[in-house]
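One structure is given here, and the rest of the page talks about it.
If you're wondering where the values come from, they're calculated on a predicted model, not measured in any experiment. When reading the values below, keep in mind they use all heavy atoms of this one structure, side chains included, and skip hydrogens, waters and symmetry mates. Chain letters run A, B, ... following the sequence lines, proteins first and then strands; every chain starts at 1.
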Amino acid sequence: MAQFWKPGTERPRILDDEEGGVLFYSASPSSSSGFGYASIEKQRQRLPVYKYRTAILYLVETHATTIIVGETGSGKTTQIPQYLKEAGWADGGRVIACTQPRRLAVQTVASRVAEEMDVKLGEEVGYTIRFEDNTNSSLTRIKFLTDGVLLREMMNDPLLSKYSVIMVDEAHERSLSTDILLGLLKKIQRRRPELRLIIASATIEAKSMASFFQPRRRRGLEGDEHGSSTEPAILSVEGRGYNVQIFYVEEAVPDYLRAAVTTVLSIHEQDSMGDILVFLTGQDDIDAAVQLLTEEAQNSKKCSSDALQTSKATIKGALDFYMPFQEKSVCSLRLAEHRLIVLPLYSGLSRADQDLVFLPTPRGKRKVVISTNIAETSLTLEGIVYVVDSGFSKQRFYNPITDIENLVVAPISKASARQRAGRAGRVRPGRCYSCTYILNVLHMLQLPVSLIGGRNRLYTEEYYVNDMSAEGIPEIQRSNLVSCVIQLKALGIDNILGFDWPASPSPEAMIRALEILYSLGVLDDDAKLTSPAGFQVAEIPLITVDSSDGHSMYDVSCHARCDNTDPMISKMILASNQLGCSEEIITIAAILSIQSIWDSVGGSQKKLDEAKMRFAAAEGDHVTFLNVYKGFLQSNKSSKWCHKNFVNYHAMKKVVEIREQLRRVAQQLGIVLKSCESDMQVVRKAVTTGFFAYACHLEAYSHNGMYKTLRSSQEVYIHPSSVLFRKIMKGEC
DNA sequence: GAGCACTGC
């Protein structure tokens, strides 16, 4: 009873998800007629994963852990939980869990599965993300949630006893919380042999994951008392993506940005229609590339012979890079006829600007999206046929010696390169141009030696095959571990150094984290959580954020570039209780946990800086935040007021939300909610109680505003986004 | 004079 589209009638809209998941007609949403359901059923059966239904159920039945490697579009995320339910894994009040690294994925997958099962979302199928629990404890049998939420759930139920099967999806991304979760799940398995784990991922090195889940002392293949094997099973499912032809450069070019731009122009000139996605590293690169391309497009529009000459030269240059092009000749330029629509894409853009990339490309035009890694995993663009890959991304690195996290441009892994290329094959067969570069010398100086290897790498085929690392370095080996350690401690794991990780963090980073927690009074001499402070700090749900405005730390009046870590914020909240300024400190904590409250609409940095100065407080960024929050409340939380003052309205709404959550938790912990009114002295005291580890002093003869940290004499500077930037500091520092 | 991408009771 498949539904067919009849030409002449309105074409049914086909929905597709991040996973490539299930196709169905939105014309018959959760139809109860039976007709729509049948069509969904047919669609489900067409997914690659369907062929493996019996095999998956058999493996889950007989193995404690099953590793499923499935490329994009296999349908594993939406189908496997349903198969499990159909096979009875949710009987007797048990729940099937499926975790995702991102909130959006949790929501979309959950609503898709509810629709396929023809049930109301929030009942039999539900989801939980921070601030949003769309489940019903007596009804929900399939539950989607972020891996962070599942970690939180372990605080109340360390064995996760209500779940019969836990599927950890996108495990190849190796995010911090996924890795912690995997380590803990392995531990739970020993206490709960009946628990089933499914580790699902796209490009994981299945064998290394399997050996992680291998029990330490092999019991042999005869199985345990539950009749299941403790050896992990591995199953591979093919994807549904189209073939993507890969092109490598023949040899290096000195400038990957220019190479990317000329490659786009040559695709535009020589290849059939279809949108282009370019991967660069960050805002600076992207803005520069957008400008270059826009100029080229405009030049060709004018059709002046000079401009054409330039374009021709550039394109000719680009063609030389690629073998497949060498036979071809540059006949004519069609830039004037088929104009390019060039769009930037990165998280710092306003929502409205981001949404532009999703607009359908007008007939006869070609869209070029120039993006950061955001388009690699977090969002999916339809209609992309060509991908240009610079081979670089910005990655976070943590130096435990200086306790400073850095963002550096580094070569991507093979797994990343494959993922990027796959973005071209979603609608029809595509092409990926692996761009080329010579490592910028300045970048090289910041890079860990291990990433560089013996010589400058170029993204030729040879480089890809021989030199590119198979997978990226897991986040846990690149991060400050303070919040991770406290989470494990709160779950009663005392021997942190002996914890079994999918990838072990460096001992230096671990020791640094323990040291900081000890100095905060959160851990005692035996490295156990102190009571009550330690347990209270662990209870407060705060996130670790990257440094940018205000996420930096300062010694009351010196604002240096450092990262906030949640136990420090939590400690600050606890301290505010005695100091009688909990209302103010909770506001500050809420603002510290979001990216930025500022909004540079239209990219006018100068106007934003001016607006900032209207709120600026001599005490520094934290007190400045209080001023902004006060203004927001006085305006009656008006979006107009925000716009006028270059404040991000959506960010402020989120601050209000987080603030409410923090107030609830604080009250549960016995903190009295009290305002200190205008006494900023106590606010500053509370801030320093949490962040004293980052205290620094202005160098006596410093002419360039250099500070040194008290702890390790690390050189630090006030961040340019701080209201204290370029202010002359005197006295107390 | 500067902000890869995510995320939590």
A/K394 vs A/P720, nearer the 5' end of DNA chain B by closest nucleotide: A/P720

Heavy-atom closest contact (A/T281 atom, A/K394 atom, distance): O-CG, 3.8 Å

Test item: A/K76 and A/D169 side chains (from C-beta on) under 4.5 Å apart, heavy atoms: yes

All salt bridge (Lys or Arg N to Asp or Glu O under 4.0 Å) counterparts of A/E610, not counting sequence neighbours: A/K606

Which nucleotide in B/dC9, B/dA2, B/dT7 has an atom nearest any side-chain atom of A/R103: B/dT7

Sugar-phosphate only, base, or nothing, as touched by A/S177 at under 4.0 Å among non-hydrogen atoms: nothing

Considering all heavy atoms, the nearest A/T128-A/T135 contact: OG1-CG2, 3.5 Å

d(CD1, A/I594; P, B/dG3) in whole Å: 19 Å

Nearest-angstrom distance from the residue atom CG of A/L151 to C1' of B/dC9: 13 Å

Touch class at under 4.0 angstrom, heavy-atom based, for A/R664 against every strand present: nothing

Residue A/R130, side-chain heavy atoms: nucleotide from B/dG3, B/dA5, B/dC9 that is nearest: B/dC9

Distance in angstrom units between A/E173 CD and B/dC6 P, rounded: 11 Å

Length of the CG-P vector between A/D609 and B/dG3, whole Å: 14 Å

Per A/R102 side chain, nearest of listed nucleotides B/dA5, B/dC9, B/dT7: B/dT7

Gap between atoms CG and P, on A/N648 and B/dG3 respectively (whole Å): 19 Å

Sugar-phosphate, base or nothing in reach of A/S175, heavy atoms under 4.0 Å: nothing

Sugar-phosphate, base or nothing in reach of A/S393, heavy atoms under 4.0 Å: nothing

Touch class at under 4.0 angstrom, heavy-atom based, for A/Q668 against every strand present: nothing

Integer-rounded Å distance: B/dA5 C1' and A/Q354 CD: 12 Å

Value rounded to 0.5 Å, distance of CD1 in A/I586 from CD1 in A/I658: 12.5 Å

Interatomic distance where CG belongs to A/N373 and C1' belongs to B/dG3 [whole Å]: 15 Å

Minimum-distance nucleotide (side-chain atoms of A/S721 versus B/dG1, B/dA2, B/dA5): B/dA2

A/S596 side chain near B/dG3 phosphate (N/O to OP1/OP2, under 4.0 Å): no

Sugar-phosphate only, base, or nothing, as touched by A/I374 at under 4.0 Å among non-hydrogen atoms: sugar-phosphate

Interatomic distance, A/I129 CD1 vs B/dT7 P [rounded to whole Å]: 9 Å

Partners meeting salt bridge (Lys or Arg N to Asp or Glu O under 4.0 Å) with A/D179 (sequence neighbours left out): A/R174

Sugar-phosphate, base or nothing in reach of A/V149, heavy atoms under 4.0 Å: sugar-phosphate

Closest nucleotide among B/dC4, B/dT7, B/dG3 to the A/T146 side chain: B/dT7

